[in-house]
Asker: 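The structure's right below; bear with me while I get my questions together.
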Amino acid sequence: MGKVIRFGVSMEEKLLTVFDRFIEKEGYKNRSEAIRDIIRKEFVDEEWEKGSTVAGGIMIVYDHHGRELVQKIMDIQHDSHDVIISTQHVHMDHHNCLEIIVVKGRADAIRKIYNLLKALKGVKFASLSRATTGRNF
Ligand code: NI
């Protein structure tokens, strides 16, 4: 961590009340930590919007009995082997599988993989968790 600089923040009382309620609900110990997280989140969103190198996770749930579905999921992942860091497969029950695909690469490449997986017939759930490589802040 670099040098820490203190600065004053002015805001309307009503907004501060809402903010303090948020801090309590989220379990922050102080306003500074909450503000730092909110700022970082904005920058992570910006990295994704700009198409920078980012990291994240794609989670999908599907029935592995689906015709050719497993092969299609595998093909999509092999086509993007340069972006996919690892895949964890969990057999949740006799039918359902959950996969967590950890990705690192250009935001548009990751979004493309996510969209391809999400659109497959038989994929019951898909979500993209947008994270950061952490290099810039
Ligand atoms: Ni399975």
Side-chain angles (χ1 to χ4, degrees):
M1 196 165 81
K3 186 182 169 194
V4 175
I5 296 169
R6 288 179 64 92
F7 67 101
V9 178
S10 309
M11 70 172 77
E12 293 130 25
E13 192 178 4
K14 194 176 169 187
L15 183 59
L16 186 60
T17 305
V18 174
F19 185 54
D20 283 343
R21 242 184 267 135
F22 166 83
I23 288 171
E24 202 184 326
K25 182 169 70 79
E26 296 291 319
Y28 285 107
K29 289 189 174 65
N30 55 60
R31 289 173 179 159
S32 291
E33 192 52 46
I35 288 169
R36 283 193 288 270
D37 272 6
I38 289 167
I39 290 172
R40 285 191 204 103
K41 187 178 176 300
E42 281 301 314
F43 288 148
V44 170
D45 285 347
E46 196 189 10
E47 283 183 342
W48 278 83
E49 297 315 317
K50 279 194 324 198
S52 311
T53 297
V54 293
I58 298 169
M59 190 180 290
I60 53 172
V61 174
Y62 60 92
D63 184 337
H64 76 276
H65 293 114
R67 237 184 194 190
E68 296 169 17
L69 179 59
V70 175
Q71 190 56 52
K72 283 176 186 163
I73 289 170
M74 194 77 81
D75 287 346
I76 291 168
Q77 294 194 46
H78 273 272
D79 287 345
S80 300
H81 62 86
D82 52 332
V83 176
I84 294 174
I85 309 251
S86 78
T87 302
Q88 183 174 22
H89 183 107
V90 180
H91 311 302
M92 291 200 293
D93 58 31
H94 184 69
H95 296 278
N96 296 295
C97 305
L98 179 147
E99 252 175 55
I100 301 166
I101 304 156
V102 179
V103 285
K104 181 185 162 199
R106 286 179 52 93
D108 49 352
I110 293 171
R111 216 175 272 117
K112 190 179 153 200
I113 301 167
Y114 171 63
N115 287 338
L116 287 169
L117 292 168
K118 184 177 67 173
L120 287 175
K121 192 179 172 212
V123 171
K124 300 176 177 183
F125 172 84
S127 76
L128 171 61
S129 179
R130 304 191 330 167
T132 176
T133 62
R135 277 185 308 188
N136 298 325
F137 37 85

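Any value given below was found using the heavy atoms of this structure, including those in side chains, with hydrogens, waters and symmetry copies removed. We count ligands from 1, going down the list as the structure has it; atoms in each ligand are counted the same way.
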Asker: What pairs of donor and acceptor atoms, side-chain ones from residues 5-17 against any protein atom, are under 3.5 angstrom apart with sequence neighbours left out?
Answerer:
residue	atom	partner	partner atom	Å
Thr17	OG1	Glu13	O	2.9

Asker: Using a strict cut-off of less than 4.0 Å between a Lys/Arg side-chain nitrogen and an Asp/Glu carboxylate oxygen, indicate whether Glu33 and Arg36 qualify as a salt bridge.
Answerer: yes
Asker: Side chains of Asp20 and Arg31: closer than 4.5 Å at any heavy-atom pair?
Answerer: yes
Asker: Sort by chain and number the protein N/O/S atoms that are closer than 2.8 Å to the Ni ion (ligand 1), and list them.
Answerer: His89 NE2, His91 ND1, Cys97 SG
Asker: Set out, in order, the CA-CA distance, both residues' side-chain angles and the distance that settles salt bridge (Lys or Arg N to Asp or Glu O under 4.0 Å) for Asp37 and Arg40, then state yes or no.
Answerer: CA-CA 5 Å; Asp37 272 6; Arg40 285 191 204 103; 2.8 Å; yes
Asker: Could Glu49 and Arg130 be called an ion pair, given the rule that one side-chain N must be under 4.0 Å from one carboxylate O?
Answerer: yes
Asker: Given side chains that start at C-beta, do those of His95 and His64 come closer than 4.5 Å, heavy atoms only?
Answerer: no
